[in-house]
Participant: 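Can you keep this structure in mind? I'll have questions shortly.
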There are 2 protein chains.
Amino acid sequence: MAKAKLSPRQQEILKFISRFSEEHQYPPTIREIGEAVGISSTSVVNYNLDKLAEAGYIVRTKRMSRGVRLAEATRNSAGEVVRVPVAGFIFASNPVMVGDTAQTDADEYIDLTRGLVKDSGELYALRVKGDSMIDAMVNDGDIVIMKKTDRVHNGEMAAIWLTDRNETTLKYFYQEGNRIRLQPANPSMEPIYVDNPAQVQIQGKVMLVMRQLS
Amino acid sequence: MAKAKLSPRQQEILKFISRFSEEHQYPPTIREIGEAVGISSTSVVNYNLDKLAEAGYIVRTKRMSRGVRLAEATRNSAGEVVRVPVAGFIFASNPVMVGDTAQTDADEYIDLTRGLVKDSGELYALRVKGDSMIDAMVNDGDIVIMKKTDRVHNGEMAAIWLTDRNETTLKYFYQEGNRIRLQPANPSMEPIYVDNPAQVQIQGKVMLVMRQLS
DNA sequence: TGGTTACCAGAATATTTGTTCTAAATACTA
DNA sequence: TAGTATTTAGAACAAATATTCTGGTAACCA
């Protein structure tokens, strides 16, 4: 996956694959590529495709027709739209209630582009209700895009249900030895420390916060 | 293109094509379809594909490998994508610098869906630098989507250059008689009052605030 | 009942398409 | 300069893939 420099021809090929795929919904064949960039020999195209694959720009599937596609990183994340179901509201006094978001029919959706939420995984959206989450720099009416998970890494922001306080909060999560530090996004606010991990229930990982203004 | 009713098998095929295409970036072959839905004969798959094409659900390209794709109408026609150029940074100590955003080649873009920013008009994005805009509930690293304008209505949020303070700020704008009230998004903060309108230069209207978390 | 239509199966065939091999031209390096 | 790696070309080959043909079953309808 060494990002080697590409020859002009390889760049041209890469560009063509992208354009062709976008336009046709399916990848080009070796011969189609050759024709487009002016290479008569399929072996030369094949050679350059191998180079591109080696450099990590594309992914090939052996012996398969049209078995070439742009690598995740290369792919223009533009056109790709991700539809996220709005699962409900989030506010301090209630735990995040999320049914099975795979359930087909939420009555509302938000369309995002892949570039906004790179991570794959099961996503859902919550509307913020009330201004009890000011410390998270999140206000009434904001929309939070969440990823369904019950585990986060240090430094990631999560929706957390604090069992002892009966409160949902959005905080940066830090496991520090046996103690958990929950850090507000607002740097002027003090963190919460929790010694008993059982009191911290992670309800999801916050991927994106949005505020739409009229 | 008569939307005929589909046999269960045809529905299954349609569904498979959709799922497969989504997953692999390329359409399935006839054999792959057959295997997936439990048809041993390629001719039967071919037969059903013809039916689907006839009914307008898919489009086929003759004699081409993987020459089947969902018709435009069948395909998930998710939202329109809007490409917004990243014009630079915004921080308190400097006025918003925006060249001609129509200029073709910004080196960076953000793709949004139309649903996120309903308003038309010339949009650009700014990255927030530093945490001097906490009062606007906007923090370091956030992205602000702006609309190019020098006028806003009451209650709208704007990027404002305060000439007397030499400071850029994001505030809700209210014209109250001869006085202008600039209200921070954070309800616990006090507004700024400006009596001299010349001291308030509106640099753009804030359409959307986004915070991406790892 | 007979006939028509929709649907299916298996196999053979034709075409497309990826792979491999040999050879040569070009660029790069010691 | 000699030598090595990169890139290109052409052709033959092998595999994947769409197409076509023959025939069969089941449902439906007059």
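All values reported here derive from a predicted model rather than from experimental measurement. Just so we're on the same page: letters track the sequence lines, and every chain starts at 1. Excluded from the calculations below are hydrogen atoms, water molecules and symmetry mates; all remaining heavy atoms, backbone and side chain alike, are included.
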Participant: From CZ of A:Arg9 over to P of C:dA27, roughly how many Å is that when rounded to an integer?
Facilitator: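 Value for this atom pair: 13 Å.
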Participant: Taking all non-hydrogen atoms of both residues into account, name the closest pair between A:Arg60 and A:Ala53 and its distance.
Facilitator: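 So the minimum-distance heavy-atom pair works out to CG-CB, 4.1 Å.
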Participant: Could you work out which one of D:dT6, D:dA18, C:dT19 sits closest to the side chain of A:Ile30?
Facilitator: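 Per side-chain heavy atoms of A:Ile30, the pick is C:dT19.
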Participant: Take atom CD of A:Glu12 and atom C1' of D:dT8, then tell me their distance rounded to the nearest Å.
Facilitator: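 Taking CD of A:Glu12 and C1' of D:dT8, I get 15 Å after rounding.
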Participant: Over all strands shown, is A:Arg63 touching base, sugar-phosphate only, or nothing at heavy-atom distances under 4.0 angstrom?
Facilitator: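 It contacts sugar-phosphate atoms only.
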Participant: Report the nucleotide, chosen from C:dA9, C:dC7, D:dT19, that has the shortest atom-to-atom distance to any side-chain atom of B:Ile39.
Facilitator: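 The answer is C:dA9, which lies nearest to the side chain.
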Participant: Hey, is the side chain of B:Asn46 poking within less than 4.0 Å of OP1 or OP2 on D:dA18, counting only N and O atoms?
Facilitator: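 No, because none of the side-chain N or O atoms of B:Asn46 sits under 4.0 Å from OP1 or OP2 of D:dA18.
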Participant: Which residue, A:Gln212, A:Lys129, A:Arg211, forms the side-chain hydrogen bond (donor to acceptor under 3.5 Å, both in side chains) with A:Asp142?
Facilitator: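 Answer after filtering A:Gln212, A:Lys129, A:Arg211: A:Arg211.
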Participant: In whole Å, I'd like the distance from the CG atom of B:Asp50 to the P atom of D:dC21.
Facilitator: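 Result: 14 Å.
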Participant: Looking only at side-chain N and O atoms, does B:Asn48 come under 4.0 Å of OP1 or OP2 in C:dA6?
Facilitator: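 Answer is no, no contact under 4.0 Å.
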Participant: Check the distance between C:dC7's C1' and B:Gln11's CD and give it to me in whole angstrom.
Facilitator: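 After rounding, the gap between these two atoms is 16 Å.
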Participant: Please check the phosphate of C:dT17 (OP1 and OP2 only) for any side-chain N or O of A:Arg66 closer than 4.0 Å.
Facilitator: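 Yes, such a contact exists.
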Participant: For the pair made of OH in A:Tyr26 and C1' in C:dG18, what is the distance, rounded to whole Å?
Facilitator: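 Atom OH in A:Tyr26 sits about 18 Å away from atom C1' in C:dG18.
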Participant: Under 3.5 Å, is there any donor-acceptor pair linking the side chain of A:Thr42 to the base of C:dT17?
Facilitator: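 When only heavy-atom distances are counted, A:Thr42 does not reach the base of C:dT17 through any donor-acceptor pair under 3.5 Å.
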Participant: Would you call the rings of B:Tyr26 and B:His24 parallel, tilted or perpendicular, taking 30° and 60° as the class edges?
Facilitator: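 Geometry flag for B:His24 against B:Tyr26: tilted rings.
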Participant: Kindly point out which of D:dT7, D:dG10, C:dT17 is positioned nearest to the side chain of B:Met64?
Facilitator: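 In terms of side-chain proximity for B:Met64, the closest of D:dT7, D:dG10, C:dT17 is C:dT17.
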Participant: In whole Å, I'd like the distance from the NZ atom of B:Lys62 to the C1' atom of C:dA14.
Facilitator: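 Going from NZ in B:Lys62 over to C1' in C:dA14 covers 13 Å.
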Participant: Could you check which of C:dT17, C:dG10, C:dC7 has an atom nearest any side-chain atom of A:Arg31?
Facilitator: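 It is C:dT17.
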Participant: Considering the options B:Arg9, B:Gln10, B:Glu12, which one meets the side-chain hydrogen bond (donor to acceptor under 3.5 Å, both in side chains) requirement together with B:Asn48?
Facilitator: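 Of B:Arg9, B:Gln10, B:Glu12, side-chain hydrogen bond (donor to acceptor under 3.5 Å, both in side chains) with B:Asn48 is met by B:Gln10 alone.
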Participant: Any donor-acceptor pair, under 3.5 Å, between the side chain of B:Ser43 and the base of C:dG10, if you only look at N and O atoms?
Facilitator: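 Pair found.
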Participant: According to a strict under-4.0 Å criterion, is B:Arg60 in side-chain N/O contact with OP1 or OP2 of D:dT19?
Facilitator: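 Affirmative; the distance criterion is met.
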Participant: Would one find more than 12 heavy atoms of other residues, nucleotides or ligands at under 6.0 Å from atom CD of A:Glu35?
Facilitator: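 At most 12 heavy atoms, drawn from other residues, nucleotides or ligands, come within 6.0 Å of this atom.
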Participant: Using whole Å, what does the distance between atom P of nucleotide C:dG10 and atom CD of B:Glu35 come to?
Facilitator: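 Going from B:Glu35 (CD) to C:dG10 (P), I get 14 Å.
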Participant: Does CD in A:Gln199 sit with more than 12 non-hydrogen atoms of other residues, nucleotides or ligands closer than 6.0 Å?
Facilitator: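 Count over threshold, so yes.
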Participant: Please figure out whether B:Ser41 or B:Ser65 has its closest DNA chain C nucleotide nearer the 5' end.
Facilitator: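 Checking each residue's closest nucleotide, the 5'-ward one belongs to B:Ser41.
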Participant: NZ of B:Lys51 versus P of C:dT5: gap in Å, rounded?
Facilitator: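 Between P of C:dT5 and NZ of B:Lys51: 11 Å.
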Participant: Among the candidates C:dA9, D:dT6, D:dA9, find the nucleotide nearest to the side-chain atoms of A:Tyr47.
Facilitator: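 The closest nucleotide is D:dT6.
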